[in-house]
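Here is the structure we will look at.
Quantities reported herein were computed from a predicted structural model and do not represent experimental measurements.
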Amino acid sequence: MRIGFYTNCYEPRINGVVRSISTFREALRSGGHTVFLFAPAAPGYLDRDPDVYRYPTLPIENGRLYRLPIPISPRLARLTAGLGLEIIHTHHPVMLAWVAAHQARSVGIPLVYTVHSQYARYWDHLAFGSAALNACCRRAVVAFMRRCQRIIAPTATVRGQIVADLPELEPRVVVVPTPLPSGAFSAAESRAVRERYGLDDRFTFVVTARLSPEKGLTELLQAFAALQHRRQNVRLLIIGDGPERATLERKAEELHVSSTVVFAGMVPFGEVAAHLQAADAFVFSAQREVQPLVLSEAMASGLPVVAYDAPFVRDVIVDGVSGLLSQPHFRALAVKMALLVDDADLRRSLAEAGKRAAQQFSATQGAENLLRVYEEAIEDLRREARRPVARAADDASSVA
């Protein structure tokens with residue numbers, strides 16, 4: 001099958017969406033399918049993959065990594081028309097998604113959309129956020145979803161929310177969990193990471209996240225500070241970067257934990273497993289994720305996990321079995337973190353159960369699930385194309 005992926009973010013930027021796209025794409029290509037990828041340009045970054053095409057961009061954050069795509073390129077429009085695509089799959093509902101929708105309609109092929117984020121809820125974190133902007137964002141996303149033959153939700157919770165809001169779309173909404181790259185989180189050499197950050201003989205919690213307000217990292221620092229009042233020999237390793245980094249570093253100083261919190265910044269994907277396995281436990285404080293991929297990555301790495309109790313987290317973790325869930329307050333999170341510090345048997349049982357649970361996210365199974373969705377979307381579009389013909393025939397016979 002010849003497939004077109006459209007995304008508003010891609011390498012060299014690394015986040016959950018990019019990892020999801022890369023994992024699905026590699027699994028599909030391993031199965032003999034061709035996946036062309038359309039993404040924003042990244043000045044100074046050279047693609048070695050000839051099937052990656054870049055749209056022009058404007059800088060919006062951190063210059064090179066975070067760019068605003070300009071969804072206009074006559075050259076790429078002509079090129080895309082000659083690729084013989086059989087399906088178009090967009091990973092966002094705006095910007096390059098508009099190009100994806102236009103291309104799908106112009107050549108008469110299905111449009112599939114994966115819901116990676118709760119976009120409307122993110123307005124709450126913007127300084128200029130308002131109910132009007134929230135409503136506008138929601139209307140735009142809903143209008144886009146109505147143009148799609150299939151809408152992919154990464155968890156049952158996300159599907160339930162979409163169907164509750166838009167019951168008419170229920171037949172089009174399917175669940176396809178984001179897979180993990182094959183073998184990416186197996187045993188890794190982590191000793192050098194512990195030495196680099198001075199973690200030896202210290203119980204270390206780790207989190208991987210974009211450093212932005214919706215990730216709840218301010219509360220995580222508060223929880224860690226509360227923990228450190230009672231457990232002196234603990235550390236927190238924060239992997240990732242983003243617009244809130246300076247604010248979080250100041251917050252760590254205010255809480256008097258700056259000497260025990262390590263801001264590691266961005267880590268190449270190939271080194272993430274070693275960084276995770278350099279820690280003793282994973283902690284997660286976001287409440288607005290669609291599918292917290294970092295949880296399954298931590299579980300696959302053999303770490304016990306503690307997280308805020310939220311619907312999307314419960315799609316991945318069974319409380320007390322494959323992880324610990326706390327009420328969404330930093331003091332409650334600190335209590336659960338202390339349980340992990342104190343109880344080696346609990347850590348071992350949670351880690352073992354979590355590793356078994358993570359096995360369901362195989363890349364091969366994910367690709368098979370995705371192909372099934374594509375085939376259903378193609379058949380649906382064919383049925384829709386036949387309906388006007390059937391109605392015209394009925395009208396002609398009634399006139400005769």
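Q161 and D165 share no side-chain donor-acceptor pair at under 3.5 Å. At a cut-off of 3.5 Å, with distance as the only test, no side-chain donor of Q103 or Y6 sits close to an acceptor on the other residue.
Side chain of D47 to main chain of V52: no donor-acceptor pair is present (N/O by atom type, distance under 3.5 Å, no hydrogens or angles).
By the 4.5 Å side-chain criterion applied to Ile, Leu, Val, Met, Phe, Trp and Tyr, V175 is assigned to no cluster and stands alone. Side-chain contacts under 4.5 Å among hydrophobic residues (ILVMFWY), followed directly or transitively, place V318 together with V321.
Residue Y197 is grouped with residue I239 when hydrophobic side chains (ILVMFWY) are merged at heavy-atom distances under 4.5 angstrom, including chains of intermediate members. Hydrophobic clustering (ILVMFWY, side-chain heavy atoms < 4.5 Å, transitive): L236 and Y308 are in one cluster. Linking ILVMFWY side-chain heavy atoms closer than 4.5 Å, directly or via other members, places V335 and I317 in two distinct hydrophobic clusters. At a threshold of 4.5 Å between side-chain heavy atoms, the hydrophobic network of Ile, Leu, Val, Met, Phe, Trp and Tyr places V115 and L295 in two separate groups.
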Quiz: residues 220-228 side-chain donor-acceptor pairs under 3.5 angstrom, not counting sequence neighbours:
residue : atom : partner : partner atom : Å
Q228    : OE1  : T260    : OG1          : 3.3
Q228    : NE2  : T260    : OG1          : 2.9

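Annotation: the span from F361 atom CZ to E297 atom CD amounts to 11.0 Å, rounded to 0.5 Å. Summarising the geometry, atom CZ belonging to F263 is positioned 4.0 Å from atom CD1 belonging to I238; distances are rounded to the nearest 0.5 Å. M145 contributes atom CE, which lies 6.0 Å from atom CG of L169 (distance to the nearest 0.5 angstrom). Rounded to the nearest 0.5 Å, atoms CG (N369) and OG (S362) are 8.5 Å apart. Considering CZ of R250 and CG of L255, their distance stands at 13.0 Å, rounded to 0.5 Å.
Y55 is linked by a ring-ring contact (aromatic ring centres under 6.0 Å, His included) to nothing, counting only residues two or more places apart in sequence or in another chain. Shown here are the side-chain hydrogen bond (donor to acceptor under 3.5 Å, both in side chains) partners of R348, two or more places apart in sequence or in another chain: D345.
For the pair E168 and R146, the salt-bridge criterion is met [side-chain N within less than 4.0 Å of a carboxylate O].
Using a 4.5 Å heavy-atom cutoff, the side chains of F284 and P292 are in contact. Side-chain contact between F269 and P181 is present, with at least one heavy-atom pair separated by less than 4.5 Å. Annotation: side chain of L325 is in contact with side chain of R314 (closest heavy-atom distance under 4.5 Å).
Of the options F5, F24, F36, a ring-ring contact (aromatic ring centres under 6.0 Å, His included) to H89 is made by F5 and by none of the others.
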Review point. Going through the checks in order, is the side-chain contact (heavy atoms from CB on, under 4.5 Å) test met by S190 and H275?
Key: CA-CA 6 Å; S190 59; H275 279 68; over 6 Å; no
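Applying the ring-ring contact (aromatic ring centres under 6.0 Å, His included) test to pairs two or more places apart or on separate chains, those with a residue in residues 200-223 are F203-F205.
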